[in-house]
Amino acid sequence: MFLSDREMLYAIQCGRLIVAPPTEIGPTSIDLHLDKVEQAKVWDIDKLAQHNRDHGHPERELRIGQCNYGKMSQEYHVSPSENQDARVFCRNRQIIVKPLGFVLWQTKEVVGTPEEDADLICFVNGKSTRARTGLVVHLTAPTIHTSWSGNITLEMVNLGPLDIVLQEDDVVAQLTVAKVTSIPKRNMVETGSATFGQTGVGGAPNANTP
Amino acid sequence: MDPVFLNCQFSLGAFSGERVFEVKQLNGETYIGLSPLHYCYHQEGRGLGPTEPQQGAPLNGKLVARKIGVVMEGARVAIPDGRAITVRLDLISKRPLGEAHVSV
């Protein structure tokens, strides 16, 4: 069952739902804002291509099953340049996303549920008005499982015909909150499945794959 | 599952709200993952600040984790990036609950 504005507000006041800093609460959702422009990142394709060349791999390939996202994030996510030929570029503290441009951007808000006795689950969704421009927000993995909180990294793609201009504080996503039927036992961790709230992004470290 | 701290090394991630952590696993391999900032602590128990660690200067610290159980000479722990790994027992220490919560 999804929470209404009254229940979400009460859950925040009780500490069962984490939304910091506080933000607008709609009838059944909470708006999420883009963080500072420095928190927009794109893939450093040239650096990744060099790494692949060094290890004898095709330049543009990414071995999803073998890559370590933590390491990759640190090494290959960079702020968009001012090069206007790029699909995503920075101009006067705005990020311009051309058609098919892909950008990652952290939310200003830390959202989620407390570690202990969490009985709520959250979902990150785009907003319909933004979707009509062609901006696809948070392509997959919209679930914030119980007992995890943090800034959400939004994955955004411009599938529309126009260049989209994004900047700090733009509302591009919303959070909906639902009650789980009981507090999870978290016995999934025994098999190495998702734990601690969020969908896993880690992988087996491999020295030859980014 | 018991709340524990897990000794690790932190470095900056791509985003201000997360840090990269490296943990030595029981099998000798290094696990590299991402964690929200508020799950990252200094060795003495103080939370990492928004500018810590500095670029290019990784620091040793403690990561919020949960002990699932003991296996062989190690502990199976759940970590904030959604994985469970096995580490040496001496890498974990008891953690009072509540330290990892974000104030609202």
Side-chain angles (χ1 to χ4, degrees), chain A residues 12-15 17-22 35-36 38-41 68-79 104-112 114-116 145 147-153 185-206, chain B residues 1-4 6 8-25 27-40 50 55-56 58 63-69 71 76-86 95-104:
Chain A
I12 291 170
Q13 289 167 347
C14 296
L17 176 65
I18 295 165
V19 180
D35 204 346
K36 293 186 174 72
E38 288 78 11
Q39 301 308 320
K41 304 288 175 182
N68 181 291
Y69 183 74
K71 187 176 163 190
M72 284 173 52
S73 169
Q74 191 177 39
E75 294 187 14
Y76 300 110
H77 289 163
V78 294
S79 296
L104 301 169
W105 203 322
Q106 175 178 283
T107 62
K108 186 158 274 185
E109 294 83 13
V110 169
V111 295
E115 186 185 354
E116 194 70 7
H145 293 283
S147 299
W148 186 90
S149 61
N151 299 90
I152 305 302
T153 302
K185 275 179 70 179
R186 297 193 192 91
N187 54 6
M188 283 168 66
V189 292
E190 297 291 355
T191 60
S193 300
T195 64
F196 231 106
Q198 76 168 35
T199 303
V201 291
N206 183 325
Chain B
M1 290 193 293
D2 300 330
V4 294
L6 173 61
C8 66
Q9 188 177 65
F10 292 115
S11 52
L12 287 181
F15 300 96
S16 64
E18 66 187 19
R19 296 292 181 270
V20 174
F21 62 88
E22 293 188 24
V23 182
K24 195 77 154 178
Q25 297 182 88
N27 63 8
E29 290 181 5
T30 300
Y31 180 85
I32 304 173
L34 285 174
S35 170
L37 174 60
H38 56 267
Y39 294 135
C40 306
Q55 184 78 44
L63 179 70
V64 166
R66 281 173 169 263
K67 188 171 84 174
I68 301 164
V71 282
R76 189 98 175 128
V77 290
I79 49 179
D81 71 353
R83 306 286 291 200
I85 59 174
T86 306
R95 170 173 62 91
L97 261 180
E99 289 199 21
H101 292 187
V102 177
S103 57
V104 291

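To find a chain, count down the sequence lines: A is the first, B the second, and so on, and within it residues start at 1. Hydrogens, waters and symmetry mates play no part in the numbers below; they use all other heavy atoms, side chains included. Here the structure is a predicted model, which means the values were calculated and not measured.
Looking at B:L12, only its backbone comes within 4.5 Å of chain A, counting heavy atoms on both sides. In this structure, no portion of A:S79 lies under 4.5 Å from any heavy atom of chain B. With a threshold of 4.5 angstrom between heavy atoms, B:S11 approaches chain A through its backbone and through its side chain.
Every residue two or more places apart in sequence or in another chain was checked for a salt bridge (Lys or Arg N to Asp or Glu O under 4.0 Å) with A:K41, and none qualifies. Residues that satisfy the side-chain contact (heavy atoms from CB on, under 4.5 Å) test with A:S73, not counting sequence neighbours, are A:Y69, A:H77, B:A14, B:E18, B:L34.
Listed here is the closest heavy atom pair of A:D35 and B:S16: OD2-OG, 4.1 Å. Residues B:P36 and A:W148 share a closest heavy-atom pair of CG-CZ2, 3.3 Å. The shortest heavy-atom contact between B:I32 and A:N68 is O-ND2, 3.0 Å.
Within the model, atoms OG1 of A:T107 and CZ of B:F15 stand 10.0 Å from one another, a figure rounded to the nearest 0.5 Å.
Put simply, the side chain of A:Q106 gets close to the backbone of B:G17: a donor and an acceptor are under 3.5 Å apart.
Using a 4.0 Å cut-off between a side-chain N of Lys or Arg and a carboxylate O of Asp or Glu, B:E22 and A:K71 do not qualify as a salt bridge.
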